[in-house]
Number of protein chains: 2
Amino acid sequence: MRTAKSFSCPVEAVVNLIGGKYKTVILWHLINNTLRFNQLQKQIPQATPKMLTQQLRELEHDGIVNRKVYPVVPPKTEYSLSQFGLSLIPVLDSMRKWGVEYIKSAGKQILSEK
Amino acid sequence: MRTAKSFSCPVEAVVNLIGGKYKTVILWHLINNTLRFNQLQKQIPQATPKMLTQQLRELEHDGIVNRKVYPVVPPKTEYSLSQFGLSLIPVLDSMRKWGVEYIKSAGKQILSEK
DNA sequence: CGGCATCCAATTAGATACTG
DNA sequence: CAGTATCTAATTGGATGCCG
């Protein structure tokens, strides 16, 4: 399921890879940042550890994020965008641009900080 | 749920609007095309009528697609991108570009026609 | 033709507790 | 700290049948 399957359109491929509930947000926070699990959790409090782990594992499995585990006590794990993940930035950015306009024009709610 | 809520990042807004299982595909088929319900069904056979209706209603509710019902017998309904929906084309296109590259590099499956 | 209603199966997500 | 395990709740999706 995680490996490429046939898509009726290429757009579908993207949704399959980064369409998960928290994936774009995770990716968003990882642009220009290497973050530990805990830091991600603080940035995305609406995601439970379980969900965060799951989404991160999928992103890792798809080669979008790097997971670097330091064999120390207490544990330390760092997440960052892989080379492949970096290639998604233009997509994320076009989404961001549109999202900003949308929120502006919808004008019903304000962005929460960050 | 369909109206704007607060997003921790604008990217999330896009996913919420067009992240639905068939939404990007629907949108994809509606670029440059006005299609009837039946035609959409043929283009997207993996979606049941129920799902298609549901996704279309959400897209309509979000002002992304226009639904034009002709009061004739037998019924005739045409779907097309709204002005707002047209603004999504750059996003869809950046996704498409990336998707094409992804599929190429994954190189495990071929695009089905169209 | 373009749906909607109903019922059910499957998938996804949350809460909570626990561990190397 | 960075998760896992388990159980349950909610959401999503499919099959089928019917209707204006």
Side-chain angles (χ1 to χ4, degrees), chain A residues 1-3 5 7-8 12 15-27 29-30 33-62 64-81, chain B residues 1-3 5 7-8 12 15-27 29-30 33-62 64-81:
Chain A
M1 202 231 293
R2 287 290 101 209
T3 43
K5 48 180 184 181
F7 299 107
S8 61
E12 215 181 334
V15 175
N16 269 270
L17 280 175
I18 63 169
K21 192 165 183 183
Y22 303 110
K23 286 185 183 174
T24 50
V25 199
I26 292 171
L27 260 22
H29 287 293
L30 289 182
N33 294 105
T34 291
L35 296 176
R36 299 178 62 166
F37 188 84
N38 234 2
Q39 298 178 296
L40 273 171
Q41 259 207 110
K42 271 167 202 134
Q43 302 282 322
I44 314 169
Q46 68 270 32
T48 58
K50 176 185 151 187
M51 285 311 299
L52 210 48
T53 302
Q54 190 184 105
Q55 302 275 297
L56 283 167
R57 288 293 135 87
E58 289 184 7
L59 289 170
E60 185 194 0
H61 183 269
D62 290 333
I64 294 169
V65 308
N66 290 134
R67 175 166 173 260
K68 184 168 185 181
V69 180
Y70 296 85
V72 296
V73 185
K76 176 178 171 181
T77 308
E78 283 182 348
Y79 293 94
S80 58
L81 289 187
Chain B
M1 202 232 293
R2 287 289 102 209
T3 41
K5 48 180 184 182
F7 299 108
S8 62
E12 216 182 333
V15 175
N16 269 269
L17 280 175
I18 64 170
K21 191 166 186 182
Y22 302 111
K23 285 185 183 175
T24 51
V25 199
I26 292 172
L27 261 21
H29 287 292
L30 289 182
N33 294 105
T34 291
L35 295 176
R36 298 178 62 168
F37 188 84
N38 235 1
Q39 296 178 297
L40 273 170
Q41 259 207 109
K42 271 167 203 136
Q43 302 281 322
I44 314 168
Q46 68 270 33
T48 57
K50 176 184 152 188
M51 285 312 298
L52 210 49
T53 302
Q54 189 183 105
Q55 303 274 299
L56 283 167
R57 286 296 132 86
E58 289 184 8
L59 289 170
E60 185 194 0
H61 183 269
D62 290 334
I64 293 169
V65 309
N66 290 132
R67 176 167 172 258
K68 184 168 185 182
V69 180
Y70 295 86
V72 296
V73 185
K76 177 178 172 182
T77 308
E78 283 183 349
Y79 292 93
S80 58
L81 289 187

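What you see below is based on every heavy atom in this structure, not just the backbone, and it leaves out hydrogens, waters and symmetry mates. Residue numbers start from 1 in every chain, and the chains themselves are labelled A, B, ... in the order their sequence lines are given, proteins ahead of strands.
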>> Quick check on DNA chain C: between A:Lys50 and B:Val69, whose nearest nucleotide comes earlier from the 5' end?
In response: B:Val69
> Of B:Thr53 and A:Lys21, whose nearest nucleotide on DNA chain C comes first from the 5' end?
Replying inline: B:Thr53
> Just by modelled atom types, is the A:Gln55 backbone N or O under 3.5 Å from a matching donor or acceptor in the A:Glu58 side chain?
Replying inline: no
> What's the closest nucleotide to the A:Thr48 side chain, out of D:dT4, C:dG14, D:dG14?
Replying inline: C:dG14
> Does A:Arg36 put a side-chain nitrogen or oxygen below 4.0 Å from OP1 or OP2 of D:dA2?
Replying inline: yes
> Which one, C:dG14, D:dG13, C:dG2, comes nearest to the side chain of B:Asn38?
Replying inline: C:dG2
>> Does a side-chain N or O of A:Arg67 approach OP1 or OP2 of D:dG3 to a distance below 4.0 Å, or not?
In response: yes
> For B:Lys76 and D:dG20, is the shortest distance between a side-chain N/O and OP1 or OP2 below 4.0 Å?
Replying inline: no
> Which heavy atom of A:Asn16 sits nearest a heavy atom of A:Lys23, and at what distance?
Replying inline: O-NZ, 4.4 Å
> Quick one: which of C:dA13, C:dG20, C:dG2 gets closest to the side chain of A:Pro75?
Replying inline: C:dG20
> Can you name the closest pair of heavy atoms from A:Thr24 and A:Ile18 and give their distance?
Replying inline: CG2-O, 3.4 Å
> Choosing from D:dG14, C:dC1, C:dG2, which nucleotide comes nearest the side chain of B:Thr77?
Replying inline: C:dG2
> Looking across every strand, which nucleic acid part, if any, lies under 4.0 Å from B:Pro74 by heavy atom: base, sugar-phosphate, or nothing?
Replying inline: sugar-phosphate
> Are B:His29 and B:Leu35 close enough that some pair of their side-chain heavy atoms sits under 4.5 Å apart?
Replying inline: yes
> Could you state the interatomic distance from NZ (B:Lys68) to NZ (B:Lys76), rounded to the nearest 0.5 Å?
Replying inline: 9.0 Å
>> What is the separation between atom NZ on B:Lys68 and atom C1' on C:dG3, rounded to the nearest whole Å?
In response: 19 Å
> What is the distance from CE of B:Met51 to P of C:dT11, rounded to the nearest Å?
Replying inline: 14 Å
> Could you state the CD-P distance from A:Glu58 to C:dT11, rounded to the nearest angstrom?
Replying inline: 14 Å
> Does A:Tyr79 place a side-chain N or O at less than 4.0 Å from the phosphate oxygens OP1/OP2 of D:dC1?
Replying inline: no
>> How many whole angstroms separate atom CD of A:Gln39 from atom C1' of D:dG3?
In response: 16 Å
> What integer distance in Å separates B:Gln41:CD from C:dC4:C1'?
Replying inline: 14 Å
>> Looking at A:Tyr22, I'd like to know whether one of its side-chain N or O atoms comes within less than 4.0 Å of OP1 or OP2 on C:dT12.
In response: no
>> Rounded to whole Å, please give me the gap between CZ in B:Phe37 and C1' in C:dC4.
In response: 11 Å
>> To check you understand the geometry: which heavy-atom pair defines the closest contact between B:Phe37 and B:Pro49, and what is its length?
In response: CZ-O, 3.7 Å
> Side chain of A:Arg57: nearest nucleotide among D:dG3, C:dA13, D:dG13?
Replying inline: D:dG3
> Over how many whole Å does the gap from A:Leu40 atom CG to D:dC1 atom P extend?
Replying inline: 14 Å
> In whole angstrom, what separates B:Glu60's CD from C:dC4's C1'?
Replying inline: 15 Å
